Amino acid sequence: MRYLRYAFLAILGIVLVSISLANRQIVELKLMPDALAELLGLNFSTSLPLFIVVLGGVVAGLIIGFLWEWLREHKHRRDASTKTGEVRKLEREVKKLKKKQNEGKDDVLALLDEAS
């Protein structure tokens, strides 16, 4: 399985390098359309290679997706931690009740009773 992962990562690396080499043209990124930029007097732009724009968009999409999913699953994690706390509390209560039930009994019989 490890070799399959390495093979997949190698193929992915080759594909990304070939895409990067094929898309080295410089493109201009603008914050706003020209008409709106002239109206507001704010005309921020930068020039980057096309492959950085494409790969940056993919990375930004992944980060946004992971963050969105983490926020969406918050209630499930909260419920799981609540249930875990309840289970621990009940386990302590059962242990206390078994100990109380086995008071005065033979230690071996008490151990056998706890195991079942």
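In this text, all values refer to a predicted model and were calculated from it rather than measured experimentally.
Residue pairs meeting the salt bridge (Lys or Arg N to Asp or Glu O under 4.0 Å) criterion with at least one partner in residues 5-14, sequence neighbours excluded, are absent. The list of salt bridge (Lys or Arg N to Asp or Glu O under 4.0 Å) pairs with a residue in residues 8-19, not counting sequence neighbours, is empty. Within the structure, side chain to side chain donor-acceptor pair (under 3.5 Å) contacts touching residues 66-77 (residues at least two apart or in different chains) are Glu69-Arg72.
Listed by chain and residue number, Arg88 satisfy the side chain to side chain contact (heavy atoms under 4.5 Å, CB included) test with Thr84 (two or more places apart in sequence, or in another chain). Judged as a salt bridge (Lys or Arg N to Asp or Glu O under 4.0 Å), and not counting sequence neighbours, Asp79 has no contacts.
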Run the side-chain donor-acceptor check on residues 36-44: report pairs under 3.5 Å with partners two or more places apart or on a different chain.
none

Run the side-chain donor-acceptor check on residues 45-62: report pairs under 3.5 Å with partners two or more places apart or on a different chain.
from: Ser45; atom 1: OG; to: Glu28; atom 2: OE2; distance (Å): 3.2

Only distances under 3.5 Å count here; give the side-chain donor-acceptor pairs of residues 18-27 to other protein atoms, sequence neighbours excluded, each with its distance to 0.1 Å.
from: Ser18; atom 1: OG; to: Ile14; atom 2: O; distance (Å): 3.3
from: Ser18; atom 1: OG; to: Val15; atom 2: O; distance (Å): 2.8
from: Ser20; atom 1: OG; to: Leu16; atom 2: O; distance (Å): 2.8
from: Asn23; atom 1: ND2; to: Ile19; atom 2: O; distance (Å): 2.9
from: Arg24; atom 1: NE; to: Leu21; atom 2: O; distance (Å): 3.1

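Counting side-chain heavy-atom gaps under 4.5 Å among Ile, Leu, Val, Met, Phe, Trp and Tyr, the cluster of Met1 also holds Leu4. When hydrophobic residues (I, L, V, M, F, W, Y) are linked wherever their side-chain heavy atoms come within less than 4.5 Å, Ile64 remains an isolated member.
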